[in-house]
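Notes follow once the structure below has been shown.
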Amino acid sequence: MLKRLHIKNFTVFADADFEFGPGLNVLVGTNGTGKSHVLKLGYAVAQTVAAAERNRRNKSADEASLDTLNLFAALGLSTRLSNVFLPGTQNRLVRNISNSEDAQINSAFGKEGEIGFNFSIGYSQKPSNTISSIDTTKTFTSSFVEVAVPVFIPAKEILSLMPDIVGISKSNPDVFDSTYSDLATQLTIRAPQVPPVLARTIVDGWAKVMQGTIQSEDGRFYFQPNKGNRFRIGLAAEGFRKLGTLIHLLTNGSLNSGSTLFWDEPEANLNPALLRQLAAILAELARQGFQIILATHSTDLLKEFHILSRQKDAKPLPIKYFGLNAEPGEATRIVTTDNFELLPDVVALAAELKQADELEEIFIREDREYYANNRGEQPGL
């Protein structure tokens, strides 16, 4: 479970600290403030730490020394940053190369123990896809904890691209970043005959909403309606495909309690009814011990999370909001709160309120014009 990301001079961030909670973590901000960068960076670091910990468990005591583990992790993160961001050269991930400073990444994982990691990307103008330095004094501690393999769901759905996306990624690695091929690989895991209890409950409830089920066969996905013949998933509504992705990951065990789910703009192509269903599923997962870190532009999703977090008869919903704000040409600033109403600038909400005010003014003006031209009529109640 990702507890902390501290980043300096990285992409749009000069110096930013993210203290993530164990449940829902919601990133809000305008385009260009770095929401997706935080998700991708957190995902790359979580992948690296999970792999390094697996490597340590498979090695002898001497081979699993801190220095060896540090080097293994640093090299792994270097590769994953290139695959996740597709920057061409890693020095393009450095926010300001003119100030002769490296980009620095520090993270912490775990519940009781912690795993810290520090990684630097050089500011050199020379094209480079390798790390510039490893600070072994601030990397893994001797108190190891197991880190589950994370899951990243991109904004674009990929069920309709299965299994072709894996082949495309291998032959043309610059077409899709590795979050797509990673997810495709996780989706190909065969689901057990009897899915976990939580997954089964969510699957049954979601089947009622869709009036059907999503099935997989030979790496391809199909929609089976309650009545009629099944058809390829690409013909199903995209909202069903997006939520079907989450359901399948729960069913096949890729996502389980203790996992971290990164999801970029889960609201895309969902109607209000499906958005409420999604919010309810994510809230239930957060209450059951899943860590969820998502980025959204949806005011409706924010409102629904707020409603769910205030339910008196339900288990408390652990939730944190991160407001990302930036003036033109300036580094992104972070504000953290457990109540989205306290964020100083929720752009989506402000735009929605402004739109509502403008629409109300238009209605009032049109009413006045109508009754001015039709004197004697009484305004309807």
* Is Ile7 close to Asn106 at the side-chain level, that is, under 4.5 Å between some pair of heavy atoms? -> no

* To do: Verify side chain to side chain contact (heavy atoms under 4.5 Å, CB included) between Asn339 and Arg310, making sure each step is shown before the conclusion.
  => CA-CA 10 Å; Asn339 186 342; Arg310 297 301 188 268; 3.4 Å; yes

* To do: Verify the ring-centre separation between Phe231 and Tyr222: is it less than 6.0 angstrom?
  => no

* Asked: Are the side chain of Arg241 and the backbone of Ile158 linked by a donor-acceptor contact shorter than 3.5 Å?
  -> no

* Going from OG on Ser298 to CG on Leu270, what distance comes out if it is rounded to the nearest 0.5 angstrom? -> 9.0 Å

* Hey, are the side chains of Leu285 and Arg287 touching, using non-hydrogen atoms and a 4.5 Å cut-off? -> no

* **Same cluster (ILVMFWY, side-chain, under 4.5 Å), Val149 and Met1** => no

* Asked: For Phe85, which residues count as a ring pair (Phe, Tyr, Trp, His ring centres under 6.0 Å) partner, sequence neighbours excluded?
  -> Phe10, His37

* Gln291 side chain to Gly21 backbone, donor-acceptor under 3.5 Å -> yes

* State plainly whether the residues Arg230 and Glu217 are in salt-bridge range, i.e. N to O under 4.0 Å. => yes

* Asked: Any side-chain heavy-atom pair from Asp264 and Ile153 closer than 4.5 angstrom?
  -> no

* Starting from the C-alpha separation in whole Å, work towards a yes-or-no answer on side chain to side chain contact (heavy atoms under 4.5 Å, CB included) for Leu187 and Leu249. => CA-CA 6 Å; Leu187 286 169; Leu249 291 168; 3.8 Å; yes

* **Closest heavy-atom pair and its distance - Ile233, Ser160** => CG2-CA, 3.7 Å

* Evaluate the side chain to side chain contact (heavy atoms under 4.5 Å, CB included) criterion for residues Lys315 and Gln288: first the C-alpha distance (whole Å), next the side-chain angles of each, then the deciding distance (0.1 Å), finally the verdict. => CA-CA 10 Å; Lys315 183 179 178 180; Gln288 295 293 332; 5.5 Å; no

* Asked: Going by atom types alone, do Thr185 and Asp182 pair a side-chain donor with an acceptor below 3.5 Å?
  -> no

* Asked: Would Phe305 and Tyr321 count as a close aromatic pair, with their ring centres under 6.0 Å?
  -> no

* Asked: Do the non-hydrogen side-chain atoms of Leu183 and Thr245 ever get within less than 4.5 Å of each other?
  -> yes

* **Residue from Lys320, Arg4, Lys3 passing side chain to side chain donor-acceptor pair (under 3.5 Å) with Glu19** => Arg4

* Asked: At their closest point, which heavy atom of Ala286 faces which heavy atom of Pro318, and how far apart are they?
  -> O-CG, 3.9 Å

* To do: Keeping the roles fixed (side chain from Lys35, backbone from Val26), state whether a donor-acceptor pair exists under 3.5 Å.
  => no

* Check whether any side-chain N or O of Asn25 sits under 3.5 Å from a backbone N or O of Gly23 as a donor-acceptor pair, and report yes or no. => yes

* Leu282 vs Trp263, side chain to side chain contact (heavy atoms under 4.5 Å, CB included): CA-CA, chis, key distance, verdict -> CA-CA 11 Å; Leu282 293 178; Trp263 199 341; 4.2 Å; yes

* His6 side chain reached by Ser107 side chain, heavy atoms, under 4.5 Å -> no

* Asked: Sub-3.5 Å donor-acceptor pair from the side chain of Glu267 to the main-chain atoms of His297, do we have one?
  -> yes

* ILVMFWY network linking Leu93 to Leu86, side-chain heavy atoms under 4.5 angstrom -> no

* Asked: With a 4.5 Å heavy-atom cut-off, do Ile189 and Ser254 have their side chains touching?
  -> yes

* Mind checking whether Ile214 and Ile281 sit in one hydrophobic cluster, side chains of I, L, V, M, F, W, Y counted as touching below 4.5 Å? -> yes

* Heavy-atom distance under 4.5 Å between the side chains of Ile247 and Ile202, does that happen here? -> yes

* Ile307, Leu302: one ILVMFWY side-chain cluster at the under-4.5 Å cut-off? -> no

* Only one of Lys156, Lys40, Arg80 forms a salt bridge (Lys or Arg N to Asp or Glu O under 4.0 Å) with Asp177, so which one is it? -> Lys40

* To do: Evaluate whether atom CG of Asp218 has more than 12 neighbouring non-hydrogen atoms of other residues, nucleotides or ligands under 6.0 angstrom away.
  => no

* Structure fact -> Rounding to 0.5 Å, atoms CD (Gln47) and OG (Ser178) come to a distance of 6.0 Å

* State the OG1-CZ distance between Thr332 and Phe13, to the nearest 0.5 angstrom. => 5.0 Å

* Under the criterion side-chain contact (heavy atoms from CB on, under 4.5 Å), which of Thr179, Leu261, Thr260, Val84 is the partner of Phe152? -> Thr179

* Grab the two heavy atoms, one from Arg95 and one from Ala14, that are nearest each other, plus how far apart they are. => CD-N, 3.9 Å

* Side-chain contact test, heavy atoms from C-beta onward, threshold under 4.5 Å: evaluate it for Leu301 versus Pro266 and give yes or no. => yes

* Asked: Would Val209 and Leu159 show up in the same hydrophobic cluster when neighbours are defined by side-chain heavy atoms closer than 4.5 Å?
  -> yes

* To do: Please test Asn252 against Gln186 for side chain to side chain donor-acceptor pair (under 3.5 Å), starting from the C-alpha separation and ending with a verdict.
  => CA-CA 9 Å; Asn252 72 11; Gln186 290 169 320; over 6 Å; no

* Scan Leu2, Leu41, Val38, Thr336 and name whichever one has a side-chain contact (heavy atoms from CB on, under 4.5 Å) with Phe18. => Val38

* **Lys242/Glu157 salt bridge by N-O under 4.0 Å criterion** => no

